[in-house]
Amino acid sequence: MWDSPDIFGIGNAPLFTGFMYSAVGSYIARVWKIFEFEYSHYPFKPVTVFLVLLIYINFFTHHYTWDFRWALLAGTIVIFLRTNIYFKVIERHRHMPLLLGWFLVALFIWFAENIANFANIWIYPNQSGQWEMVSFAKLSSWYLLMLLSFVLVSLVNTVKVRVSDSTSLAGRRRLTG
């Protein structure tokens with residue numbers, strides 16, 4: 001490790017973490033196009049934007065006030081519970097619950113964070129004496145970051161809503177923005 005944490009960092013955070021956060025959004029934007037994402041039961045965009053605005057505010061305010069993380073996660077479940085993501089692999093679209101997809105990506109980021117901690121690239125204060133696994137609570141932070149990044153990407157990419165027998169595509173596009 002470096003003798004001075006300020007050489008490649010500001011305060012307690014290494015500079016590369018900003019690149020890591022932006023890489024999450026870049027990853028989402030890229031796979032959205034590659035796998036031709038489509039959705040069923042996608043919620044109203046203004047609702048999703050309001051939710052991620054609250055998440056973003058909580059990322060900063062939880063240091064000084066109550067942490068609303070668990071309430072925000074509950075809100076995420078309520079808003080996206082019925083939403084499925086359809087992704088094209090080879091010639092066929094497959095699907096899974098969008099909440100599960102976010103969880104899986106957040107889980108792999110959490111695994112990578114543990115590997116980085118083990119390799120002494122990033123060390124939390126409780127790991128200065130010996131390595132400990134990163135808390136499972138951090139998984140919720142990564143999950144909320146996934147959601148935030150996803151909704152930001154949805155503002156620049158078209159949210160293609162699957163047509164069902166009872167709803168026309170034009171009607172659903174109008175509803176989702």
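Because only heavy atoms are used, hydrogens play no part in the values below, and waters and symmetry mates are left out as well, while side chains stay in.
- Residues forming a side chain to side chain donor-acceptor pair (under 3.5 Å) with Arg82 (at least two apart in sequence, or on another chain): His41.
- For Tyr27, the OH atom is loosely surrounded, since the number of other residues' heavy atoms within 6.0 Å does not exceed 12.
- Residues Ile57 make up the rest of the hydrophobic cluster containing Leu53, defined by ILVMFWY side-chain heavy atoms closer than 4.5 Å, directly or through other members.
- Scored by the side chain to side chain donor-acceptor pair (under 3.5 Å) test, Asn84 finds no partners at all (sequence neighbours excluded).
- Legend: salt bridge (charged side-chain N to carboxylate O under 4.0 Å, His left out) pairs involving residues 28-38, not counting sequence neighbours, sorted by first then second residue: Glu36-Lys88, Glu38-Arg162.
- Linking Ile, Leu, Val, Met, Phe, Trp and Tyr whenever their side-chain heavy atoms come within less than 4.5 Å leaves Ile34 and Tyr86 in two separate clusters.
- In this structure, the side chain to side chain contact (heavy atoms under 4.5 Å, CB included) partners of Ser140, at least two apart in sequence or on a different chain, are Arg69, Trp70, Leu73.
- Within the structure, no pair that satisfies the salt bridge (charged side-chain N to carboxylate O under 4.0 Å, His left out) test touches residues 117-130, not counting sequence neighbours.
- Partners of Val78 under the side chain to side chain contact (heavy atoms under 4.5 Å, CB included) rule, at least two apart in sequence or in another chain, do not exist in this structure.
- Rounding to the nearest 0.5 Å places CZ of Phe60 at 13.0 Å from OG1 of Thr65.
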When the side chains of residues 143-155 are checked against the rest of the protein, which donor-acceptor pairs come out under 3.5 Å, sequence neighbours left out?
unit_1	atom_1	unit_2	atom_2	d
Tyr143	OH	Leu99	O	3.2
Ser149	OG	Leu145	O	3.0
Ser154	OG	Val151	O	2.6

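- Judged as a side chain to side chain donor-acceptor pair (under 3.5 Å), and not counting sequence neighbours, Thr83 has no contacts.
- Legend: residues meeting ring-ring contact (aromatic ring centres under 6.0 Å, His included) with His93, ordered by chain and number and at least two apart, are absent.
- With contacts defined as side-chain heavy-atom distances shorter than 4.5 Å, the pair Val161/Val159 qualifies.
- Linking Ile, Leu, Val, Met, Phe, Trp and Tyr residues whenever their side-chain heavy atoms come within less than 4.5 Å leaves Tyr64 and Leu72 in two separate clusters.
- In terms of hydrophobic clustering, with Ile, Leu, Val, Met, Phe, Trp and Tyr side chains grouped at heavy-atom distances under 4.5 Å, Val156 and Phe44 are assigned to different clusters.
- For the side-chain hydrogen bond (donor to acceptor under 3.5 Å, both in side chains) condition, the pairs that include at least one residue of residues 47-60, sequence neighbours left out, are Asn58-Asp67.
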Identify every side-chain donor-acceptor pair in residues 103-111 under 3.5 Å, counting partners at least two apart or on other chains, and give the distances.
unit_1	atom_1	unit_2	atom_2	d
Trp110	NE1	Val134	O	3.4
Trp110	NE1	Ser135	O	3.2

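- For Trp142 and Phe136, the ring centers are positioned 6.0 Å apart or more.
- The distance from atom CZ of Phe37 to atom NZ of Lys160, rounded to the nearest 0.5 Å, is 11.5 Å.
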